[in-house]
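Chain letters run A, B, ... following the sequence lines, proteins first and then strands; every chain starts at 1.
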Amino acid sequence: MDEKYFPEKIEEKWQRIWAETGAFEVEPGDDADARPKFFCLEMLPYPSGFLHMGHVRNYSIGDALAWHKRLQGFNVLHPIGWDSFGQPAEQAAIKRGVQPREWTEDNIAHMRGQFKRLGISFDWRRETAAHRPDYYKWDQWFFLKMLERGLIYRRTSPINWCPKEETVLSNEQSSGGVCWRCGTPLEKRDLEQWFIRTTQYAESLLADMSQIEAGWPERVLTMQRNWIGRSEGAYVDFQIKESETKVRVFTTRIDTIYGATAIVVAAEHPLLNELEESPLKASVMAFVARVKAERASRAASAPGEEEEKEGVNTGLFAVNPFSGEQMPVWVANYVLIEYGAGAVMAVPAHDARDFEFAQKYSLPVRRVIERVSHEQESIPHTDAAGLDQSAAMPHAFTDYGLLVNSAEWGGKLSHDAMREMAAFADERGFGGGAVTYRLRDWGISRQRFWGAPIPVVYCDDCGIVPVPEADLPVLLPERAEFAGAGKSPLANVAEFVNTSCPKCGRAARRETDTMDTFVDSSWYFFRYCDPHNDAAPFDTARVAYWTPVDHYIGGIEHAVMHLLYARFWTKMMRDIGLVTFDEPVRNLLTQGMVTNVVEGTGEWKAMSKSLGNGIDPDEMIEAYGADAVRLFIMFAAPPENELRWLETGIEGAVRFLRRVYNFIWRWRDSLTDAPKVAPDAGEFSEAARVLRRKTHQTIARITQDFAELHFNTSIAALMELMNALGDFDVRPESATEADKFAVREALEALILMLAPFTPHVAEELWESLGHAGGLLGSGARWPVADAELARKEALEIPVQINGKLRGRIQATPETSEDELRAAALADEKVRAHMEGRQVVKVIIVPQRLVNIVVR
RNA sequence: GCGGGAGUGGCGUAAAGGGCAAACGCGUCGGUCUUAAAAACCGAUCCUCCGGGGUGUGGGUUCGACUCCCACCUUCCGCACCA
């Protein structure tokens, strides 16, 4: 130990020791190992080349938890890996001619160094990287398993296309009509794609949320719930007049079906192909073409903004199977082919969108639901005319209520009618109750090079042939040309494309699309449990030991995409017998952004290159040390809040660490012979008792704070303990045995509770107090509070008059209520305020306060 | 529009079984040390007409409300023509 705190020296020293001793390397405990396991996971980074402050925050939080659990005696798995497939590597290849593999490996090497300089306690032997064949082999293996089970299929469908990245995106990645990565407005294209049948798990993705409700943030659960978008309703088939064809619609309001005055289908609806040649058909086709063109360039309408509803009459008529009534069939831009049945019954009186549409095109508005009033028990009168009351309805009435103008259903309540009418439709064979989801199947084809090749072969004779498991991995070629547009660069690599059919042996072509990188990140944490297995994605026993993940920490931006896919993957793995539980993650923490002032505007925005408000973690580590940077980040705000970067804040962190260091330097020699066992209570001076009380109160408080992830208040409590040590007015040279014991006790607790935030300096200080082998090697344990020692001896009880603070009285925890009352009423200040008033009653809250009510 | 959060000093924040509002830190001001400065240390720091008043606004419940109830305002986030 040096006389002064030199973070650089201490940090290098302990990073070296940790690496040499394998301090954070763990194996599953055997039967004799009584320690419980703890899987501490942070979302794996994309190897962009540089850690940013958001990373520093993410991994500082995880590391604090990992250290805390280790010190509490858990067997802690804390791994790291790289989400190393993806666009930026390919962009670098296009822009700078460097191959994605080299670029990625260089970036990983650099970032690994940064992680080590930060001193994050990873088990580095378990490092994985998606772009390495020993990893993506298992992506391909899972693909084949799902293909076998019908969980993967191929179809042509309109998809979201990012013109900048020249690839397809999944629904989750197209939120708001822009690319999740680059923000470019998306186009719609028709392409043949591979899909994972995530919708098959829609119900259990929703239902199993009850298992994780306690450990996941409300807003993440809400976002997932909304994304899955379960909606209960009914299908109804409308016969097309003078045709064999039926049009199926989905509705959540079958109770309003007597109010339907049109059928409206999406522009892509197959019915439109059946139109007879006519002037009407020409106008429908022109309309459809226009709608498709508008959707192809979403830039035309700002994403998120509703387009004006437009449509044209097809000239067809459909028959309402309930009433036998005919109504025109329209095509309109506000009906989506992807949702429900791609067609709706328009009920202008009871749906805001249909109302708007009906107003514009003068469709009849027929009211069939009345408000239920409490006074009015009888059924409201039915309007015999019924039709076209649009003048009477300024807007749609969308509430539930009482059915009117609905033949024999009139007089029923909406909820009863919905159930009974769906059953009726089912009986008669023209519909029935149904549940639909907003969730779409997961399109995983990407027309890009830098991803896991999809392991199928196209044979002219045999069709689509899966690559046999024994032939995995399908290796990505070393090099490719990246200039292509609209086609995977793999298509230009002849050695890759040309192969032989695994079935018939004749010449065949490989699939040239690669998998969405979210496939890689859907199961990586299972691979951490057994990262070098070359016979299976992992050994099920090892995974059974470590998983589910006990705590997962990452950004809110993955609330839907990654976390939904990972949940799906777990259920799929459960169904093929690889795991035995439903949910992969017990507790989730979504950390807030790290922001900094944008020069010129004074606004706090997330650090980013384009805004020029980024702070380089390396520079901060160099200037203040990794410990201080981490301490500040954990102290400045609760983990889920935005964190505003303040350099003066780090200076404060350094100041605190220096105070701790200097204090220990001064006391170190005197403490070597401090008693190991607590002297008798009588030996301690008043000051030493106060210090011990603070020590034990702090332990209790911080232990509680850690359980609730209140790291910022933990650090505040550590600072208070340090302040108490500073106030301990005894010099080391004149300290009694009992004083030394009290100081040593306080310091050891301080060091141990500092370790999760500032592990390097904690190690150094721990060693300076005579412990060999490092914090973990010396068997150090998280301190335990002694409730008796933490108990307050003297209390200052506030006295209120009518709820206003008027005085204070001295008491102990044992002072009786009568004594408190007497002391309060006798207090001089209190009496001054009571002059001329009459005491109505006295409220006494033991150990807290006295309130005198006067009149 | 639907859904989920959040409003406390100059700033980050603390106080959830209703009971002393502002712990801890940043900043600012003053002091000690120094030829000077930095660092370090010590002290002050919600407002106040010194009666009091203060937790976005207005009501309510209570002996007592940052905390509970009602209405509203502001703000952040997610989804958004989902039938």
Side-chain angles (χ1 to χ4, degrees), chain A residues 175-177 217-227 229-231 233-234 249-254 256 264 266 303-309 332-336 338-347 350-354 356-357 398 436-440 556-557 559-560 590 592-593 604 631-632 635-638 640-653 655-656 658-659 662 701 710 712-723 726 796-808 840-855:
Chain A
S175 205
E218 187 55 45
R219 65 167 172 157
V220 174
L221 294 170
T222 305
M223 280 163 76
Q224 293 219 355
R225 236 175 248 127
N226 291 345
W227 190 262
R230 184 180 199 275
S231 150
V249 303
F250 176 73
T251 175
T252 53
R253 292 298 303 273
I254 194 172
T256 65
V264 187
E305 225 168 84
E306 258 177 43
E307 282 172 273
E308 169 136 17
K309 292 181 180 43
N333 61 350
Y334 76 98
V335 176
L336 310 172
E338 311 92 80
Y339 185 76
V344 302
M345 58 177 203
V347 184
H350 303 292
D351 182 282
R353 294 154 303 182
D354 297 340
E356 192 189 325
F357 190 68
T398 57
T436 59
Y437 297 92
R438 207 184 81 109
L439 183 71
R440 299 272 72 93
I556 187 71
E557 67 274 19
V560 173
T590 48
M593 288 187 305
W604 293 86
L631 185 68
F632 166 69
F635 175 61
E640 57 280 350
N641 280 25
E642 168 190 338
L643 189 155
R644 297 186 165 192
W645 188 259
L646 264 189
E647 197 143 337
T648 51
I650 310 191
E651 286 165 14
R655 222 163 7 238
F656 167 67
R658 209 181 283 136
R659 283 179 70 205
N662 292 343
R701 182 172 156 195
H710 295 162
N712 53 330
T713 50
S714 295
I715 294 167
L718 289 172
M719 289 171 168
E720 280 187 59
L721 180 58
M722 184 58 230
N723 291 345
E796 200 176 52
I797 305 286
V799 180
Q800 299 180 333
I801 293 176
N802 289 348
K804 287 196 173 124
L805 181 68
R806 294 304 186 196
R808 296 171 193 284
V840 178
K841 70 171 159 180
V842 179
I843 287 152
I844 296 166
V845 184
Q847 300 193 42
R848 292 218 89 121
L849 65 46
V850 177
N851 187 17
I852 302 166
V853 185
V854 300
R855 195 168 46 201

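For A:Q800, the side chain to side chain donor-acceptor pair (under 3.5 Å) test picks out no residue, with sequence neighbours left out. For A:W227, the ring pair (Phe, Tyr, Trp, His ring centres under 6.0 Å) test picks out no residue, with sequence neighbours left out. Checked against side-chain contact (heavy atoms from CB on, under 4.5 Å), A:V264 has the following partners two or more places apart in sequence or in another chain: A:W330, A:A332, A:Y334, A:V335, A:V344, A:A346, A:F357. A search for side-chain contact (heavy atoms from CB on, under 4.5 Å) contacts involving A:F635 returns A:I715, A:A716, A:M719, not counting sequence neighbours. Annotation: salt bridge (Lys or Arg N to Asp or Glu O under 4.0 Å) contacts of A:E642 (sequence neighbours excluded): A:R644. Under the side chain to side chain donor-acceptor pair (under 3.5 Å) criterion, A:R440 pairs with no residue, sequence neighbours left out. In terms of the side-chain contact (heavy atoms from CB on, under 4.5 Å) criterion, residue partners of A:V840 (sequence neighbours excluded) are, by chain and number, A:V853, A:R855. In this structure A:T713 satisfies the side chain to side chain donor-acceptor pair (under 3.5 Å) test together with A:D705, sequence neighbours excluded. Residues passing the salt bridge (Lys or Arg N to Asp or Glu O under 4.0 Å) test with A:R253 are A:D255, sequence neighbours excluded.
Nearest to the side-chain atoms of A:E720 among the listed nucleotides B:C24, B:A83, B:C20 stands B:C24. Side-chain proximity of A:R655 to B:C63, B:A83, B:A40: nearest is B:A40. For A:R658, whose side chain is taken as the heavy atoms from C-beta onward, the closest listed nucleotide among B:A40, B:G64, B:G25 is B:A40. The side chain of A:K841 approaches B:C63 more closely than any other nucleotide in the set B:C63, B:C24, B:G27. Checked against B:A23, B:A83, B:C41, the side chain of A:A716 finds its nearest nucleotide in B:A23.
As judged by a 4.0 angstrom heavy-atom cut-off over every strand, A:R440 is placed among residues making no nucleic acid contact. A:V344 comes within 4.0 angstrom of a nucleotide base, judged by non-hydrogen atoms across all strands. No engagement by A:E338 is indicated, since no non-hydrogen atom pair under 4.0 Å with the nucleic acid exists. Residue contacts for A:G652: at a heavy-atom cut-off of 4.0 Å it reaches the sugar-phosphate backbone alone, with no base atom in range. Residue contacts shown for A:L336 include a base, since a base heavy atom lies under 4.0 Å away. Residue-level contact check: A:V249 touches neither bases nor backbone, having no heavy atom under 4.0 Å from any strand.
Across the P atoms, B:C46 and B:A22 are found 9 Å apart, a figure rounded to whole Å. Separating the P atom of B:G43 from that of B:A23 is a span of 14 Å, rounded to the nearest Å. For the P atoms, the distance from B:C26 to B:G78 is 34 Å, rounded to whole Å. Taking atom C1' on both B:C66 and B:U13, the two are 14 Å apart, rounded to the nearest angstrom. Taking the C1' atom of each, B:C77 and B:C81 are spaced 22 Å apart, rounded to whole Å. The separation of B:G58 from B:U67, taken at their P atoms, amounts to 13 Å, rounded to a whole angstrom. The same atom, P, is picked in B:U62 and in B:C69; the two are 16 Å apart, to the nearest Å. Across B:U74 and B:A83, the matching P atoms stand 29 Å from one another, rounded to whole Å.
Between A:L849 atom CG and B:A21 atom C1' there is a gap of 14 Å when expressed in whole angstrom units. Rounded to a whole Å, the CD1 atom of A:I843 is 14 Å from the P atom of B:C20. One interatomic measurement links the two molecules: CZ of A:R225 to P of B:C2, which rounds to 19 Å at whole-angstrom precision. The CG-P distance, from A:N802 to B:G52, rounds to 13 Å in whole Å. Atom CG in A:L631 sits about 11 Å away from atom P in B:C26, given to the nearest Å. One atom, CD of A:Q224, and another, C1' of B:G4, lie 14 Å apart when rounded to the nearest Å. One atom, CZ of A:R806, and another, P of B:C63, lie 19 Å apart when rounded to the nearest Å. Between the CZ atom of A:R848 and the P atom of B:C20 there is a distance of 6 Å, rounded to whole Å.
If A:E796 and A:E218 are placed on RNA chain B by their nearest nucleotide, the residue sitting closer to the 5' end is A:E218. A residue-by-residue look at A:N333 and A:V853 shows that A:V853 has its nearest nucleotide of RNA chain B further toward the 5' end.
The glycosidic torsion of B:G60 lies more than 90° away from 0, which places this base in the anti conformation. Base orientation at B:G51 is syn, since its O4'-C1' glycosidic dihedral falls within 90° of 0.
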Under 3.5 Å for both distances, Watson-Crick or G-U wobble, that's the pair rule; now give the dot-bracket for RNA chain B, with | marking pairs to another strand and [ ] for crossing ones. (((((((..(((......[....)))((((((.......))))))((....))..(((((..]....))))))))))))....
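For the pair A:F656 and A:F632, the minimum side-chain heavy-atom distance is 4.5 Å or more. Taking 4.5 Å as the limit, some side-chain heavy atom of A:I556 sits within range of a side-chain heavy atom of A:R219. Taking the side chain as every heavy atom from C-beta outward, A:N333 and A:E308 never approach each other to under 4.5 Å.
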Shorter than 3.5 Å, N or O on both sides, protein versus nucleotides 11-15 of chain B: list them out with atom names.
{"residue": "B:G12", "atom": "O2'", "partner": "A:A636", "partner atom": "O", "Å": "2.4"}
{"residue": "B:U13", "atom": "OP1", "partner": "A:N641", "partner atom": "ND2", "Å": "3.0"}
{"residue": "B:U13", "atom": "O3'", "partner": "A:N712", "partner atom": "ND2", "Å": "3.4"}
{"residue": "B:A14", "atom": "OP1", "partner": "A:N712", "partner atom": "ND2", "Å": "3.1"}

Kindly give the atom pairs (protein nitrogen or oxygen, nucleotide nitrogen or oxygen) under 3.5 Å for nucleotides 74-79 of chain B.
{"residue": "B:C79", "atom": "OP1", "partner": "A:S175", "partner atom": "OG", "Å": "2.4"}

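Between A:N851 and the phosphate of B:U62, there is no side-chain N or O to OP1/OP2 separation shorter than 4.0 Å. Side-chain nitrogen and oxygen atoms of A:K804 include at least one within less than 4.0 Å of the OP1 or OP2 phosphate oxygen of B:G53.
Among all heavy-atom pairs drawn from A:T398 and A:H350, the shortest one is CG2-O, 3.6 Å.
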List the steps, then state whether side chain to side chain contact (heavy atoms under 4.5 Å, CB included) holds for A:R701 with A:E720. CA-CA 12 Å; A:R701 182 172 156 195; A:E720 280 187 59; 3.1 Å; yes
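Side-chain N/O atoms of A:N226 and A:R438 include no donor and acceptor closer than 3.5 Å.
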